[in-house]
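Proteins get letters first, then strands, A, B, ... in listed order; numbering begins at 1 in each.
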Number of protein chains: 2
Amino acid sequence: MQDHLIREFMLHFGEMGSRWGINRTVGQIYAVLFLSEAPLCADDLVTVTGFSRSNVSMGLKELQGWNLVSIRRIEGDRRDYFATPEDMWKIVRTLIAERKKREIDPTLSKLRELELSTRSESYSARRLTELREMIETMTEFYEEMNRIETKRLVALMKAGNRIGRLVGKTGQIIPFGRQRSDEAEEAGG
Amino acid sequence: MQDHLIREFMLHFGEMGSRWGINRTVGQIYAVLFLSEAPLCADDLVTVTGFSRSNVSMGLKELQGWNLVSIRRIEGDRRDYFATPEDMWKIVRTLIAERKKREIDPTLSKLRELELSTRSESYSARRLTELREMIETMTEFYEEMNRIETKRLVALMKAGNRIGRLVGKTGQIIPFGRQRSDEAEEAGG
DNA sequence: CATGAATTTCAGAAATTACTGAAAACTGCG
DNA sequence: CGCAGTTTTCAGTAATTTCTGAAATTCATG
């Protein structure tokens with residue numbers, strides 16, 4: 001019924017796919033599944049996207065590798081059906097976790113490995129250490145945030161500018177009620 | 001001097017480049033600049049990477065498009081020299097801002113456009129609205145975080161598990177000293 | 001354990017992207 | 001202006017990635 005919407009979004013997601021490190025096929029398949037209330041089978045996706053059956057199969061495989069779709073079986077139907085999670089925040093968590101795994105973790109490993117294999121005090125060695133430390137700070141923060149249940153996480157994000165006020169330059173959590181101005185805390189520390 | 005380090009890191013970054021939506025050339029060039037204390041000129045990069053002069057030129061152009069390198073002039077030398085910021089956190093901010101611009105913003109625009117052009121109450125329409133709202137929540141949070149000066153931001157990130165405790169399920173900031181357990185706050189609300 | 005529907009694999013074709021060398025276009029300087 | 005050094009452009013080639021159809025495999029079911 002809202003065919004235009006689905007089609008437009010599917011094409012857009014396909015285009016974006018290339019910027020996201022997945023390809024057009026995968027992007028389009030995901031978009032269609034994402035907008036479908038009922039799970040879809042591979043043939044449905046062939047019909048909607050116009051890709052070959054084998055291409056759809058590979059795309060679905062890749063999406064499963066990303067943990068972005070789940071397989072469902074339908075009573076008395078031998079085909080596999082695919083669906084995305086209802087919960088949008090679950091999707092985003094998965095996406096971030098998978099991108100981290102692919103884009104950050106290998107570099108972190110490499111940095112650790114390089115640090116172990118050298119005893120240099122050169123600029124480049126120091127720079128690599130600094131990079132590793134920064135990545136560790138960020139990933140630890142990410143892991144901390146990711147531990148928070150969704151309701152609270154959303155509340156935290158919506159707390160907006162109150163967040164920045166909570167932390168002084170030295171990292172202490174500023175007691176509630178003393179977050180009015182930057183100076184107040186400076187004077188107190 | 002620490003040639004091995006530079007070489008290994010350069011090759012690794014080149015490989016990773018493809019996962020990051022930049023290509024091998026760009027990744028390697030960036031890696032070398034990142035590890036170099038002094039700015040380098042294009043010919044230096046040709047020597048180190050082994051790429052053709054024109055390829056290096058294009059790679060540098062792309063890095064400039066990402067705001068990841070700056071041009072420096074050296075007294076009495078007509079060549080352009082290139083450098084990355086000393087400040088690691090500045091680099092990461094740039095990287096995130098640029099990825100957001102390329103990977104998020106176009107989709108946000110498209111979602112807004114699609115919402116304006118339809119009056120449907122279908123599942124897919126609702127799903128798109130929910131997606132837009134989620135992206136807006138996240139980008140607004142990002143913008144808030146990005147407004148915080150680096151020292152504080154790092155302190156905040158290192159505050160670790162204290163952060164999650166600060167926010168109740170309804171989004172209120174919990175007074176300091178009452179963050180001990182999940183139940184305490186539940187009882188108080 | 002045979003059947004046939006459904007899925008996956010895979011080799012090659014098609015499309016896209018990366019890379020190069022040569023030529024053109026800058027740029028500061030005598 | 002004209003020259004030499006430097007950078008950029010661009011058309012063609014190389015390399016990689018995506019996509020397909022056909023064949024092989026899997027698997028629930030009789």
Side-chain angles (χ1 to χ4, degrees), chain A residues 10-33 38-66 69-83 102-103, chain B residues 10-33 39-66 68-83 102-103:
Chain A
M10 173 185 88
L11 294 175
H12 172 80
F13 235 64
E15 290 310 311
M16 293 305 287
S18 54
R19 303 191 189 185
W20 275 81
I22 60 175
N23 61 32
R24 194 167 53 103
T25 313
V26 174
Q28 289 197 19
I29 290 173
Y30 187 79
V32 173
L33 288 176
L40 301 177
C41 70
D43 291 320
D44 296 334
L45 292 165
V46 168
T47 305
V48 182
T49 63
F51 294 124
S52 73
R53 183 56 234 271
S54 56
N55 202 3
V56 167
S57 176
M58 287 163 122
L60 285 167
K61 256 299 150 71
E62 184 160 356
L63 284 171
Q64 285 171 261
W66 279 76
V69 300
S70 57
I71 302 185
R72 310 279 181 77
R73 304 307 302 260
I74 287 182
E75 194 65 28
D77 191 329
R78 289 168 61 174
R79 289 171 294 183
D80 290 336
Y81 283 77
F82 299 86
R102 290 167 171 75
E103 302 181 357
Chain B
M10 174 185 87
L11 293 176
H12 172 79
F13 235 63
E15 290 311 310
M16 294 304 288
S18 54
R19 303 191 190 186
W20 277 81
I22 61 175
N23 61 32
R24 194 165 54 102
T25 313
V26 175
Q28 289 197 18
I29 290 173
Y30 187 79
V32 173
L33 288 175
L40 301 177
C41 70
D43 291 320
D44 295 333
L45 292 165
V46 168
T47 306
V48 182
T49 63
F51 295 125
S52 72
R53 183 55 234 270
S54 55
N55 202 4
V56 166
S57 176
M58 287 166 125
L60 285 167
K61 257 292 148 74
E62 184 160 355
L63 284 171
Q64 285 171 261
W66 280 75
L68 283 169
V69 299
S70 56
I71 302 185
R72 309 280 181 76
R73 305 306 303 259
I74 288 182
E75 193 65 27
D77 191 330
R78 288 169 61 176
R79 290 172 293 185
D80 291 336
Y81 283 78
F82 299 86
R102 287 166 173 75
E103 302 181 359

Checklist line | Partner set under salt bridge (Lys or Arg N to Asp or Glu O under 4.0 Å) for B:Arg19, not counting sequence neighbours | finding: none

Give the nucleotide from the list [options] with an atom nearest to the side chain of [X].
X	options	result
B:Ser54	C:dT9, D:dT6, D:dC10	D:dC10
A:Arg79	C:dA6, C:dT9, D:dT7	C:dA6
A:Ser57	C:dG28, C:dT8, D:dC19	C:dT8
A:Asn55	C:dT7, C:dT20, D:dT20	D:dT20
B:Arg78	D:dT6, C:dT8, D:dC10	D:dT6

Can you check the [X] [atom1] to [N] [atom2] distance for me, whole Å?
X	N	atom1	atom2	answer
B:Glu75	C:dG28	CD	C1'	13 Å
B:Lys61	D:dT7	NZ	C1'	8 Å
B:Arg53	C:dG21	CZ	P	13 Å
B:Ile71	D:dT6	CD1	P	15 Å
B:Ile74	D:dG5	CD1	C1'	16 Å
A:Glu15	C:dT16	CD	P	10 Å
B:Leu40	D:dT7	CG	P	13 Å
A:Asp80	D:dT26	CG	P	15 Å

Next item on the list: Report the residue (A:Tyr81 or A:Met58) whose heavy-atom-nearest nucleotide on DNA chain C is the more 5′ of the two.
Entry: A:Tyr81

Notebook entry, point to check: In terms of the nearest nucleotide of DNA chain C, which residue is placed more toward the 5' end: A:Ser18 or A:Cys41?
Noted result: A:Cys41

Note to self: For B:Glu103 and A:Trp20: C-alpha separation, side-chain torsions, deciding distance, then whether side chain to side chain contact (heavy atoms under 4.5 Å, CB included) applies.
What the structure shows: CA-CA 7 Å; B:Glu103 302 181 359; A:Trp20 275 81; 3.8 Å; yes

Checklist line | B:Arg73 to B:Arg79 - nearest heavy-atom pair and separation | finding: NE-O, 3.5 Å

Next item on the list: Please check if the side chain of B:Ser57 supplies one atom and the backbone of B:Arg53 the other of a donor-acceptor pair under 3.5 Å.
Entry: no

Next item on the list: For the pair B:Arg24 (side chain) and B:Gly17 (backbone), establish whether a donor and an acceptor sit closer than 3.5 Å, ignoring hydrogens and angles.
Entry: no

Notebook entry, point to check: Hey, which of these two, A:Arg73 or A:Ser52, hits DNA chain D nearer its 5' end, going by closest nucleotide?
Noted result: A:Ser52

Check: Mind checking what makes side-chain hydrogen bond (donor to acceptor under 3.5 Å, both in side chains) contact with A:Asn55, not counting sequence neighbours?
Finding: A:Thr25

Note to self: Can you list, in residue-number order, the parts of residues 19-29 of chain A that come under 4.0 Å of DNA chain D, counting heavy atoms only?
What the structure shows: A:Asn23, A:Arg24, A:Thr25

Next item on the list: Flag the pair A:Leu60 / A:Leu45 as yes when at least one side-chain heavy-atom distance between them is below 4.5 Å, and no otherwise.
Entry: yes

Notebook entry, point to check: Base, sugar-phosphate, or nothing: which does B:Asp43 touch, judged by heavy atoms less than 4.0 Å apart?
Noted result: nothing

